[in-house]
Amino acid sequence: MPSKIVFLPGEGIGPEIVAEARKVLNALKPYDFQFEACEGAVGGVAYEASGQPLPEATLDLVRQADAVLFGAVGDPRFDHLDRTLRPEHAILGLRRELGLYAYLKHVTVPNELSGLSPLRPERVAGMDLLVVRELNGDVYTGQPRGRRRAPDGPFAGDREGFDTMRYAEGEVRRVARVAFEASRQRRGRVASVDKSNVLETSGLWREIVGEVAQGYPDVSLTHLYADNTLMQLVSRPTDFDVILTGNLFGDLIADAASTLTGSIAMAGSAMLGDSPKGICEAGHGTALDIAGTGRANPIACVRAAALMLRHSLDRVDLAERIEAAIADVFARGFRTAEMSAGAGTRVVSTSEMGDAIVESLAS
Ligand code: IPM
Ligand code: MG
């Protein structure tokens with residue numbers, strides 16, 4: 001039975017990078033991999049066509065799919081709309097629909113690319129970090145939230161915005177297990193990140209992660225404050241194995257970590273729940289300024305396709321094949337426009353990068 005893959009290209013460079021991922025997936029046909037593709041509308045383009053950033057028709061496709069590959073959404077032209085109608089809301093709706101609660105971002109810096117990092121090359125060379133971010137709770141969904149008049153204090157009567165940070169113990173437990181399980185396949189170290197010196201939510205987080213750790217005596221656990229984590233990340237990034245954290249801190253840490261590669265388009269992301277069906281995505285923005293110029297880097301999106309094969313389609317062999325092809329492409333000197341190129345390298349367009357990966361797959 002062919003796998004059913006839904007592609008959600010979105011806008012900006014989304015369609016260009018998804019096209020390259022699809023090209024790479026097509027090239028896997030000789031390895032006993034068949035898929036049926038369909039495409040759904042999300043984001044600003046969907047809003048323009050149907051008045052919704054996540055139309056019901058797209059949700060239907062996603063419900064029937066085995067795996068979902070997401071491009072990018074976001075366009076400031078829609079910033080004046082109600083929050084629930086903005087392009088970004090599509091991603092929140094998809095996470096909710098599929099019950100996705102774990103966000104995995106795998107950030108690696110191979111030696112030959114360490115020169116691209118904003119940090120000194122010797123600081124990042126060999127970096128291999130997995131960020132496990134809780135994706136469903138925290139201030140993202142906590143109630144109550146809203147606008148009101150400040151009830152008291154020196155600013156009483158002012159307009160006030162408020163959100164609720166919260167986690168139930170079961171929510172912490174299930175994502176903690178994802179991080180501990182993943183670290184077992186890696187170097188066996190989990191750093192759990194919170195702000196328990198200030199926040200009640202974090203106090204509970206720390207307690208529950210400690211309890212879960214008792215079931216993993218082979219994994220070492222450290223607790224770090226969020227501010228300290230960012231300092232460590234920009235000074236000693238190679239020290240980390242798995243970072244486990246909540247939704248808001250994870251949003252910041254995952255982007256900071258991927259930036260250490262020198263391009264936010266290098267690390268792919270997987271959003272997972274209890275079933276194999278997740279959503280894999282490049283995890284960067286729409287880069288509207290370069291859309292249509294052939295300068296977008298498709299690597300994160302191709303890596304997302306590899307994550308999809310690994311987590312949703314039970315084809316770890318093919319995921320590894322793609323990762324090896326990407327390593328080969330870099331070793332052969334192929335770079336995209338935003339990666340400053342040195343001697344022995346060649347800057348190629350989005351689709352030439354896809355072609356190069358396909359070539360490496362076959363070799
Ligand atoms: C991400 C994004 C989203 C988030 C936005 C677009 C809602 O920043 O996937 O990290 O904050 O989760
Ligand atoms: Mg983010």
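Predicted model only: the values in this text are computed from it and were never measured. Whatever order the structure lists them in is the order used to number ligands and atoms, beginning at 1.
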Asp251 heavy atoms, cut-off 4.0 Å: which ligand 1 atoms fall inside? 1 (C), 4 (C), 8 (O), 10 (O), 11 (O)

Identify, by atom number and element, the atoms of ligand 1 in contact range of Arg133, meaning under 4.0 Å from any of its heavy atoms. 1 (C), 4 (C), 10 (O), 11 (O), 12 (O)

If you compare Arg95, Glu281, Met271 by their heavy atoms, the one closest to atom 9 (O) of ligand 1 turns out to be Arg95

Please write down residue, atom name and distance for the protein heavy atom closest to atom 4 (C) of ligand 1. Tyr140 OH, 3.4 Å

Considering only protein heavy atoms, which is closest to atom 5 (C) of ligand 1, and at what distance to one decimal place? Ile91 CG2, 4.4 Å

Proximity of Arg86 to ligand 1 by residue part, where a heavy atom lies under 4.0 Å: neither

Mark yes when over 12 heavy atoms from residues, nucleotides or ligands other than Arg346 sit less than 6.0 Å from its CZ; otherwise mark no. no

With a 3.5 Å cut-off and no angle check, do the side chains of [X] and [Y] form a donor-acceptor pair?
X	Y	answer
Arg332	Ser360	yes
Ser263	Glu338	yes
Asp128	His106	yes

Against the six-membered ring of Tyr101, is Arg174 placed for a cation-pi contact (under 6.0 Å from the centre, within 45° of the normal)? yes

Carboxylate-amine/guanidinium contact Glu16 Arg295, below 4.0 Å: no

Pair Arg77 + Glu48, salt bridge at N-O below 4.0 Å: yes

Measuring from the heavy atoms of Lys105, does anything fall under 4.0 Å of ligand 1? no

Nearest to the Mg ion (ligand 2), which N, O or S atom of Asp251 do we find? OD1

Contact check: Glu88 vs ligand 1, nitrogen or oxygen atoms, below 3.5 angstrom: no

